[in-house]
Novice: 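Pasting in a structure now, in structure tokens, and then I'll have a few things to ask.
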Amino acid sequence: MTNHEIAAVFEQIADLLEFQGANPFRVRAYRNVARTVHDQTESVADIAADEKRSLSDLEGIGKDLADKIRTLVQTGSLPMLDELRAEVPESVLAILRVPGLGPKRAAQLFHELHVATLEDLRTACESHRVQVLKGFGAKTEAAILQGLGIAAEAEQRILWAEAEEHVEEILAHMGKCRAVQQISVAGSYRRGKETVGDLDFLVVARDVETAMDHFGIFHGVASVLARGPTKMSIRLSAGVQVDLRAVEAKSFGAAMQYFTGSKEHNIILRGRAKALGLKINEYGVFRGEKVIAGRTEEEVYGCLDLPCFPPELREARREFDWAEAGELPKLLEVGDIRGDLHDHSTWTDGQASIEQMAAAAKQRGHKYLAITDHSKRVTMVNGLDAKRILEQWAEIDRLNKRLEGITLLKGVEVDILERGGLDLPDDVLAQADWVVASVHYGHQQSRQQITARVIEALENPYVASIGHPTGRMLLRRKAYEIDMDAVMRAARQHGKMLELNAHPMRLDLDDVACAAAKSLGVPVVIATDAHAVEGLDAMRFGVLQARRGGLTKQDVANTRTWPQLKKMIGKPGQKT
DNA sequence: GCCGTTTTCGGCCCGACTGTTTTCAGTCG
């Protein structure tokens with residue numbers, strides 16, 4: 001059972017308990033265990049099976065939850081969850097996702113109107129049975145009807161890269177308002193989460209009303225959801241909710257800290273403040289009535305004797321421990337990257353010639369670029385057989401003589417075949433500078449089968465790294481399932497690297513997988529998988545995820561020079 | 001349900017906004 005699956009079970013228990021009106025702190029305990037398990041870099045099932053180790057050593061897991069995890073991984077089910085499901089139909093959980101409906105009201109609808117599904121809810125609203133309930137009214141009923149449409153829309157989160165476009169536009173728009181003195185983006189976007197649910201902006205304005213009016217006329221606005229003296233919420237026609245909060249300059253740092261989150265990070269921070277006799281809110285740090293900080297985030301964290309954490313690390317994982325031990329990692333930066341190691345050209349499905357790609361890579365400051373076109377198994381894109389790839393490499397040799405300031409690497413993205421084995425013979429692979437091995441077919445195979453194929457590829461002496469190893473596609477059903485723990489261990493054993501595919505929709509080594517690679521000492525390759533020159537710009541998305549995983553320059557292979565990287569590959573017959 | 005250099009019981013972050021309320025509960029982040 002994967003950490004992800006275990007976490008999902010506890011998350012569902014939390015939802016069901018919340019619906020039943022359980023003690024909110026008990027609900028939080030279940031949410032916490034879900035998050036803790038999800039964020040673990042090792043397999044929690046393995047920890048549970050290891051007699052020498054105790055699950056209750058993990059943060060927020062006591063005896064009861066440890067027992068429940070063990071039961072779950074040993075039997076594949078949990079009596080408590082079965083009981084809860086018997087009491088509450090699972091379909092009611094969808095109702096909790098309707099904006100404006102929380103556990104209390106959802107339970108009231110369920111008990112008084114027998115509303116168990118979104119369909120029931122719509123019918124109840126349309127026949128105006130909802131507005132007569134105590135605590136509800138005509139406006140609430142109308143709001144629910146509107147919210148139903150939103151809940152029905154597919155997953156409400158958007159890719160970070162898409163969020164970035166909205167953010168830039170909104171910043172540009174607000175920048176034109178003369179009442180705006182300062183504006184910044186906070187929230188999960190600032191933390192670099194791979195997907196973003198909504199956007200949060202903080203504004204310091206000479207005149208808040210004018211700033212809010214200006215916010216309301218942004219061209220992408222579909223509706224204004226709420227507007228008060230300090231906060232305004234809109235929904236963009238793209239579906240994204242955007243909040244604007246007006247703060248005073250003397251509170252700007254406190255507000256940035258507060259609204260950047262994460263929520264869990266803030267809970268720990270405020271708990272610590274309380275223990276020191278302080279109070280933190282979005283206005284500042286207070287000792288009694290007296291404000292002692294607030295203008296900058298550095299001041300706020302400084303009051304608690306903490307460093308100003310990079311936003312990417314504010315997830316209530318290890319950051320407080322690191323800070324206390326003075327071991328906060330110096331995170332990787334985009335400027336540390338020296339080259340891109342997974343790129344395509346017009347020889348297969350790329351849109352730019354090798355020469356165009358080289359020029360674009362050089363322009364982006366890269367010192368080397370691996371051309372890794374597909375091998376012949378990928379017939380749809382005219383994948384290269386041995387003859388054509390040798391021709392391509394001869395072409396690259398010729399280009400390298402002409403090019404200045406950038407080195408092209410003779411690479412290939414060799415397919416890991418359905419039956420195992422690679423799509424090109426070893427004597428061809430031996431002539432490559434850089435071999436990426438990837439799965440593109442046989443996605444329907446079992447997890448064990450696909451894992452075995454990938455591990456076999458890691459055993460090949462000429463393979464340097466695995467391309468998009470998890471096969472994950474964000475906001476879509478995942479392409480295939482793989483045992484990443486086993487793949488990581490095999491990579492370590494054979495001295496191989498794993499690719500963090502930086503395509504904004506892939507980011508297939510997520511932050512937790514990055515942290516796992518780091519803890520095992522498996523070097524991560526951040527590569528864009530560019531099929532056009534613009535694709536090379538995706539590097540920053542990969543770097544952002546790597547930062548969230550706590551990776552430093554040292555942990556990432558393509559911060560090295562090509563000669564250094566060559567030594568790391570250590571191919572047979574190539575004395576290093 | 002977890003947790004403890006105040007505590008094994010009694011806490012558990014904190015405030016804004018909305019709607020239905022005559023003083024506040026529910027929801028949200």
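Each chain gets a letter, A, B and so on, in the order the sequences are listed, and its residues count up from 1. Atoms considered below: every heavy atom in the structure, side chains included; atoms not considered: hydrogens, waters and symmetry mates.
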Novice: Counting any heavy atom closer than 4.0 Å, what does A:I268 reach on the DNA or RNA strands: base, sugar-phosphate only, or nothing?
Specialist: nothing
Novice: Below 3.5 Å, does any donor atom in the side chain of A:Y258 face an acceptor in the base of B:dG29, or the other way round?
Specialist: yes
Novice: For B:dG29, does OP1 or OP2 lie under 4.0 Å from any side-chain N or O of A:Y189?
Specialist: no
Novice: Just N and O in the side chain of A:R28: are any of them under 4.0 Å from OP1 or OP2 of B:dC13?
Specialist: yes
Novice: Do A:Q12 and A:E90 have side-chain N/O donor and acceptor atoms under 3.5 Å apart?
Specialist: yes
Novice: For B:dC12, does OP1 or OP2 lie under 4.0 Å from any side-chain N or O of A:K274?
Specialist: yes
Novice: Using a heavy-atom cut-off of 4.0 Å across all strands, would you classify A:P103 as base, sugar-phosphate, or nothing?
Specialist: sugar-phosphate
Novice: Check whether any side-chain N or O of A:R26 sits under 4.0 Å from OP1 or OP2 of B:dG1, and answer yes or no.
Specialist: yes
Novice: Under 3.5 Å for both donor-acceptor distances, Watson-Crick or wobble: does B:dA25 have a partner, and if so which one?
Specialist: B:dT18
Novice: What contact category does A:L101 fall into here, base, sugar-phosphate, or nothing, at under 4.0 angstrom with non-hydrogen atoms?
Specialist: sugar-phosphate
Novice: Which part of the nucleic acid, if any, lies within contact of A:F259, taking any heavy atom under 4.0 Å across all strands shown: a base, the sugar-phosphate backbone alone, or nothing?
Specialist: nothing
Novice: Nearest whole Å is fine: how far is B:dC14 P from A:L278 CG?
Specialist: 11 Å
Novice: With rounding to the closest Å, how many angstrom separate the C1' atoms on B:dT5 and B:dG1?
Specialist: 24 Å
Novice: Centre-to-centre under 6.0 Å for A:F259 and A:F201, is that the case here?
Specialist: no
Novice: Please find out if less than 6.0 Å separates the ring center of A:Y189 from that of A:H166.
Specialist: no
Novice: In whole angstrom, give me the gap between the P atoms of B:dC28 and B:dT23.
Specialist: 25 Å
Novice: Which nucleotide wins on minimum distance to the side chain of A:K263, given the candidates B:dC13, B:dG1, B:dA16?
Specialist: B:dC13
Novice: How would you label the contact of A:K134 with the nucleic acid (heavy atoms, under 4.0 Å): base, sugar-phosphate, or nothing?
Specialist: nothing
Novice: Would you confirm whether the ring centroid of A:F19 sits within less than 6.0 angstrom of the ring centroid of A:F110?
Specialist: yes
Novice: In terms of side-chain heavy atoms of A:K139, which of B:dG19, B:dA16, B:dG1 is nearest?
Specialist: B:dG19
Novice: Does the side chain of A:T140 get closer than 4.0 angstrom to OP1 or OP2 of B:dT18 through an N or O atom?
Specialist: no
Novice: Please confirm whether A:H214 and A:H173 have ring centers closer than 6.0 angstrom.
Specialist: yes
Novice: Would you classify A:A107 as touching base, sugar-phosphate or nothing, given that sugar-phosphate means primed atoms plus P, OP1 and OP2, and contacts are heavy atoms under 4.0 Å?
Specialist: nothing
Novice: To the nearest Å, give me how far apart CZ (A:R235) and C1' (B:dC28) are.
Specialist: 13 Å
Novice: Considering only B:dG29, B:dC14, B:dG1, which nucleotide approaches the side chain of A:F25 most closely?
Specialist: B:dG1
Novice: How many Å lie between CD1 on A:I267 and P on B:dC3, as a whole number?
Specialist: 15 Å
Novice: What is the distance from CG of A:L269 to C1' of B:dC12, rounded to the nearest Å?
Specialist: 16 Å
Novice: With a 3.5 Å cut-off and heavy atoms only, can you find an N or O donor on one side and an acceptor on the other between the side chain of A:N23 and the base of B:dG1?
Specialist: yes
Novice: If the P atom of B:dC13 is compared with that of B:dG19, how far apart are they to the nearest Å?
Specialist: 28 Å
Novice: On the nucleotide B:dG1, are OP1 or OP2 found under 4.0 Å from the side-chain N or O atoms that A:K68 carries?
Specialist: yes
Novice: Could you tell me the separation between the CZ atom of A:R31 and the C1' atom of B:dC2, rounded to a whole number of Å?
Specialist: 16 Å
Novice: Sticking with atom P, work out how far B:dG4 lies from B:dT8, rounded to a whole angstrom.
Specialist: 13 Å
Novice: For A:L202 and B:dA16, give me the distance from atom CG to atom C1', rounded to whole Å.
Specialist: 14 Å
Novice: With a non-hydrogen cut-off below 4.0 angstrom, is A:D198 in contact with a base, only sugar-phosphate, or nothing?
Specialist: sugar-phosphate
Novice: OP1 or OP2 of B:dC17 less than 4.0 angstrom from a side-chain nitrogen or oxygen of A:T230, does that happen here?
Specialist: yes
Novice: Between A:L78, A:I47, A:V44, A:D64, which is the residue that forms a side chain to side chain contact (heavy atoms under 4.5 Å, CB included) with A:I69?
Specialist: A:V44
Novice: Taking the nucleotide of DNA chain B with the nearest heavy atom to each, does A:A29 or A:L96 sit closer to the 5' end?
Specialist: A:A29
Novice: Side chains of A:N3 and A:E42: do they bring a donor and an acceptor to under 3.5 Å?
Specialist: no
Novice: By the 4.0 Å heavy-atom rule, please label A:R105 as base, sugar-phosphate, or nothing.
Specialist: sugar-phosphate
Novice: For atom C1', what is the distance between B:dA25 and B:dT20, given to the nearest Å?
Specialist: 9 Å
Novice: Distance check needed: B:dG29 C1' versus A:R191 CZ, whole Å only.
Specialist: 11 Å
Novice: Distance check, C1' atoms only: B:dG15 and B:dG10, in whole angstrom units.
Specialist: 24 Å
Novice: Would you mind reading off the distance between A:E264 atom CD and B:dC12 atom P, rounded to a whole angstrom?
Specialist: 18 Å
Novice: Taking the C1' atom of each, how far is B:dG11 from B:dA16, in whole Å?
Specialist: 25 Å
Novice: Got a donor-acceptor contact below 3.5 angstrom from the A:S251 side chain to the A:A254 backbone?
Specialist: no
Novice: Between A:G60 and A:G100, which is nearer to the 5' end of DNA chain B once each is assigned its nearest nucleotide?
Specialist: A:G60
Novice: If you look at every strand shown and take non-hydrogen atoms under 4.0 Å, does A:N266 touch a base, only sugar-phosphate, or nothing?
Specialist: nothing
